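Treat the numbers as computed from the prediction; the structure is a model and nothing was measured.
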Amino acid sequence: MMTKKSPPIPARHVLRFSWKLVVILSITLCVLAFFKLHSQPDLYSSPSSLSIARSRISRQGNNFSGPPKIAFLFLARRGLSLDFLWGSFFENADMPNFSIYIHSAPGFSFDESTTRSHFFYGRQLTNSIQVGWGESSMIEAERLLFAAALEDPANQRFVLLSDSCVPLYNFSYIYNYLMASPRSFVDSFLDVKEGRYNPKMSPNIPKQKWRKGSQWIALVRSHAEVLVDDEVVLPAFRKFCKRRPPLDARKGKLNIKLQKQHNCIPDEHYVQTLLTMSEREDELERRTLTYTLWNNSATKTESKGWHPMTFTHSNAAPQKIKEIKEINHVYYETEYRTEWCRVNSTYVPCFLFARKFSQGAAMRLLSEGVVGQFDTSSLLDPPP
C-alpha cells in the first residue's frame, strides 16, 4: 500500500510565519530590556546628587563683597577629637576670613555636649550620609561638603581635612599662602603600577585620563564647582571603582576567588581624574598640602600594604615637625617628576597641614608652641 505525500507548504506561508516569529522575538527582547533598565539603581537619584542640583541653581549669579574666605571642610567619622587644637587655631583668625563645614555621621550634632570649641557649634551638614572606607560614599560626602560651602559666595578657597589633621602654621600664614595662589593643590600622578583602572569605565573615562593621588585637596572656587557639577565621572566610579574585599584568614580558599575581583579606591582617584578629564590639570599645583607619614608594612594576610603612621605624644617632637616644614619638593616615581613647591614664583614649604595626629600629639603641639608665627609678606608679592 502506497503512502500519500503531504502537499508542500506554500512559500508565502513560510514567509508569513518567519515575520511573525521575528516580531514576537523583537517584542520579547524590548520587554526584557525595559525591565532590566528599570531594575537597575538610578545613578543620579542619590540624596547627594539632589542636593548638588539645588546648590547649582542657587549659585547662579552670586557675587560678594568683603574679604575672600577659606572654607575648612572636615570629613569626620563622628566628633572632632582635635577640636581643642583647631579651636586655638581659629581663635587667632579674623572671623570674616574663614568658614567651617563638617560632614559627620547622620544625626550627629556639634554643640556644648559634643565639642570643646564654639567654632564648631552647628557646623555639621544636615544632609550627611553614612560613609564607608574605600566606597564611593566617601567621595559623595566630599561633594556634599563642597556643595554646602559653595552656597556662600565669599568662600574662594576650599580645604578638605580629616578629623586627624592638624595645622602646621598659624591662620595668617595659611590664609596668605592659599590666597596668593590662583591654582588648586591636588596631588595627581599617573597610576601605572597597581592596575586600578577598570576597562569597563571606557569610554566615559579614558585610560589616558586616569590619575591617582591624595584625597586631601585644596581647591579654588571654579574647580570646586566642577566637582559638584559632575554628572559623568561619579556614576562611572559608583559602578566600576570599588574596593576589593580585604584578605581574611577565616575565609580560607575563598580569598583566592575574592582577590580576583578588580580593586579600586575611589577617593584616591576621583578628583584627580575628574579635573584631568575637565582639561584643568594645567591649572593645578599637582601636590597635596597635607603631609602623611606612610609605613610600608606586611601582615600575615597581606604581602604588602601602605598604612599612614599615627603621630603620638612621643614622636610628635618639635624636631620632627620642623623636618616636615622644611620639605620643599616631592618626587613622583611613576612620572620621574620632581615637584618643587612654589606659590607663583616664590619657593615655599610644601605642607600646611599634617595627619594622622592623636590627642596626645596635638596637646604637645600646643604646649610646646610648635605652631608659631611666620612672616608671609613675601607670598603676596606679585611675581617678577
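- Residues passing the salt bridge (Lys or Arg N to Asp or Glu O under 4.0 Å) test with Glu281, sequence neighbours excluded: Arg211, Arg286.
- The two residues Thr276 and Ser188 make their nearest non-hydrogen contact at OG1-OG, 4.4 Å.
- The side-chain heavy atoms of Leu125 and Leu145, taken from C-beta on, include a pair separated by under 4.5 Å.
- Distance check: Leu144 CG to Leu75 CG gives 10.0 Å after rounding to the nearest 0.5 Å.
- At distances below 3.5 Å, at least one donor-acceptor pair connects side-chain atoms of Arg123 with backbone N or O atoms of Ile100.
- Residues Glu283 and His223 form a side-chain contact, since some pair of their non-hydrogen atoms from C-beta on lies under 4.5 Å apart.
- Scanning all heavy atoms of the two residues, the minimum distance from Thr288 to Trp216 falls at OG1-O, 2.8 Å.
- For Lys325 and Tyr169, the positive end sits near the middle of the six-membered ring, less than 6.0 Å away and at most 45° from its axis.
- Looking at Ser162 and Ser164, their side chains do bring a donor and an acceptor atom within 3.5 Å of each other.
- Side chains of Tyr177 and Arg157: no donor on one and acceptor on the other come within 3.5 Å.
- The shortest non-hydrogen separation linking Pro266 to Ser136 is CG-N, 3.9 Å.
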**Asked** Hey, mind stepping through Trp86 and Phe120 against ring-ring contact (aromatic ring centres under 6.0 Å, His included) and telling me if it holds?
**Response** CA-CA 10 Å; Trp86 284 101; Phe120 301 113; 7.8 Å; no
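- Side-chain heavy atoms closer than 4.5 Å link hydrophobic residues (I, L, V, M, F, W, Y) into clusters, and following such links, possibly through other members, connects Leu82 to Ile70.
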**Message:** Does Glu140 form a salt bridge (charged side-chain N to carboxylate O under 4.0 Å, His left out) with Arg238? I'd like the steps, not just the answer.
**Reply:** CA-CA 10 Å; Glu140 294 187 50; Arg238 284 196 190 117; 3.0 Å; yes
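- Remark: Glu268 engages Arg196 in a salt bridge, criterion side-chain N to carboxylate O under 4.0 Å.
- By the 4.0 Å N-to-carboxylate-O rule, Arg116 lies close enough to Asp83 to be salt-bridged with it.
- No chain of hydrophobic side-chain contacts below 4.5 Å, direct or via other Ile, Leu, Val, Met, Phe, Trp or Tyr residues, connects Tyr336 to Trp340.
- Every pair passing side-chain hydrogen bond (donor to acceptor under 3.5 Å, both in side chains) that includes a residue from residues 355-367 is listed here, sequence neighbours excluded: Arg364-Glu368.
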**Message:** Test side-chain hydrogen bond (donor to acceptor under 3.5 Å, both in side chains) on Asn344 and Thr346; report intermediate values, then the result.
**Reply:** CA-CA 6 Å; Asn344 295 326; Thr346 303; over 6 Å; no
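- Ring geometry for Phe72 against Phe98 counts as perpendicular: the plane angle is over 60°, on a 0 to 90° scale with 30° as the lower cut.
- Between the CD atom of Glu326 and the SG atom of Cys350 there is a distance of 12.0 Å, given to the nearest 0.5 Å.
- Residues Asp111 and Ser113 have side chains that bring a donor and an acceptor to within less than 3.5 angstrom of each other.
- Using a 4.5 Å heavy-atom cutoff, the side chains of Met95 and Phe119 are in contact.
- At least one side-chain heavy atom of Tyr291 sits less than 4.5 Å from a side-chain heavy atom of Leu293.
- Under the side-chain contact (heavy atoms from CB on, under 4.5 Å) test applied with Val159, the options Ile174, Leu73, Leu178 reduce to a single match, Leu178.
- Remark: side-chain polar atoms of Asn315 are paired, donor with acceptor, to backbone N or O of Thr312 under 3.5 angstrom.
- The minimum heavy-atom distance between Asp152 and Arg221, with the atom names listed, is O-NH1, 3.2 Å.
- Rounding to the nearest 0.5 Å gives a distance of 11.0 Å between CZ of Arg77 and OG of Ser104.
- The two residues Ala218 and Leu289 come nearest to each other via the heavy atoms CB-CD1, 3.9 Å.
- Side chains of Phe351 and Arg287 form no contact here, defined as non-hydrogen atoms less than 4.5 Å apart.
- The ring-ring contact (aromatic ring centres under 6.0 Å, His included) test with Trp210 singles out one residue from Phe189, Phe237, Phe240, and that residue is Phe237.
- For the residue pair Ala361 and Phe311, the shortest heavy atom distance occurs at CB-O, 3.3 Å.
- Both tests hold for Arg337 against Tyr332: distance to the six-membered ring centre under 6.0 Å, angle to the ring axis within 45°.
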